[in-house]
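Since the structure comes first, as structure tokens, the remarks are kept for the end.
Throughout, numbering of the chain's residues begins at 1 and tracks the sequence.
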Amino acid sequence: MQGVRVVLIGGTSHTGKSSVARALAERLGFDCRSTDKLARHPGRPWRTAEWEPPPHVAEHYATLGVDELIRSVLDHYARLWPRIQELITERAAGAGPGLVLEGSALWPDRVAGLTSVPHTGAVWLTADEAVLRERMRSSARYEEATDRERYLVDKFLARAERFQTLMTQAVDAHGLARVDADGSSVGELADRVLTAVGLPAR
């Protein structure tokens, strides 16, 4: 695919989407954006340097089962899709610099429907469940957490694993590109994403 102006990177949480997107944007001279910045669904239920979860986030994960959590996030992404599609279409048509857009909201079924939007390439990152678990628990300082905090982390992890399973099934059903992120550096993943969307790697 020549003349790609929009690169879409989907995947569940902690597969490396943000890091790879930033690396690609810098390499290509494109803007880099996250679908999370358009409208945030209840985020990670643990504290980080950039995020202090409000009480309703803990309640969200504590009270809903995994299937309910999946329905909630997919409903949120469905409501968000018109804004995402508008952004993709504008940038693909040449409005502003190229764009690397990353986020779990890039659901395969909807991206596959962008057949009338040229100059757009998409790839989904996946990771082994053990890798996801290690990354999330490290981010959440799981070993230092209380039982309540660990419970919330484990619920988020269970949702992420189920999300990845459903996402991968959809990616494969549409014959779309996916890249296994296990054991690869950010630079190596960036090269593989570029190849997947038809752009030259380093």
Can you give me the closest heavy-atom contact between [X] and [Y], atom names plus distance?
X      : Y      : answer
Phe30  : Arg5   : CE2-O, 3.6 Å
Thr35  : Gly103 : OG1-CA, 3.3 Å
Leu80  : Ala105 : CD2-CB, 4.2 Å
Ala23  : Ala190 : CB-CB, 4.5 Å
Thr120 : Ala92  : OG1-CB, 3.7 Å
Thr12  : Lys17  : O-NZ, 2.9 Å

Is there a path from [X] to [Y] through hydrophobic residues (I, L, V, M, F, W, Y) whose side chains come within less than 4.5 Å of each other?
X      : Y      : result
Val7   : Leu38  : no
Leu69  : Tyr151 : yes
Leu74  : Val171 : yes
Leu64  : Phe163 : no
Leu194 : Leu106 : no

Look up atom [atom1] in [X] and atom [atom2] in [Y], then write down how far apart they are to the nearest 0.5 Å.
X      : Y      : atom1 : atom2 : result
Ser18  : Leu125 : OG    : CG    : 10.0 Å
Ser185 : Asp191 : OG    : CG    : 8.0 Å
Ile9   : Ser34  : CD1   : OG    : 11.0 Å
His14  : Leu157 : NE2   : CG    : 9.5 Å
Cys32  : Leu99  : SG    : CG    : 8.0 Å

Minimum side-chain heavy-atom gap [X]-[Y] below 4.5 Å:
X      : Y      : answer
Val6   : Val117 : no
Thr168 : Leu166 : no
Arg135 : Ser13  : no
Leu28  : Leu199 : yes
Val73  : Glu68  : no
Trp124 : Thr15  : no
Leu152 : Phe156 : no
Gln164 : Gln169 : no

Show the numbers, then the answer: is there a side-chain contact (heavy atoms from CB on, under 4.5 Å) between Glu102 and Leu8? CA-CA 6 Å; Glu102 62 87 8; Leu8 307 176; over 6 Å; no
So does [X] pair up with [Y], basic N to acidic O under 4.0 Å?
X      : Y      : result
Asp180 : Arg192 : no
Glu161 : Arg133 : yes
Asp154 : Arg159 : no

side-chain contact (heavy atoms from CB on, under 4.5 Å) evaluation trace for Arg141 with Val153: CA-CA 10 Å; Arg141 297 183 178 181; Val153 173; over 6 Å; no
Partners of Arg71 by salt bridge (charged side-chain N to carboxylate O under 4.0 Å, His left out), sequence neighbours excluded? none
Under the salt bridge (charged side-chain N to carboxylate O under 4.0 Å, His left out) test, residues paired with Arg33 that sit two or more places apart: none
Run the numbers on Ile84 and Leu101 for side-chain contact (heavy atoms from CB on, under 4.5 Å), then give the verdict. CA-CA 9 Å; Ile84 295 173; Leu101 181 64; 4.0 Å; yes
When you measure from the side chain of [X] to the backbone of [Y], do you find a donor-acceptor pair of N or O atoms at a distance under 3.5 Å?
X      : Y     : result
Tyr61  : Pro42 : yes
His119 : Gly3  : yes
Lys155 : Pro45 : no

Any chance the rings of Trp46 and Tyr142 have centres within less than 6.0 Å? no
With side chain to side chain donor-acceptor pair (under 3.5 Å) as the rule and sequence neighbours excluded, what pairs involving residues 82-96 come up? Asp31-Arg91, Trp81-Gln85
So Thr126 and Met167, side-chain contact (heavy atoms from CB on, under 4.5 Å) or not? Walk me through it. CA-CA 9 Å; Thr126 59; Met167 180 203 78; 3.8 Å; yes
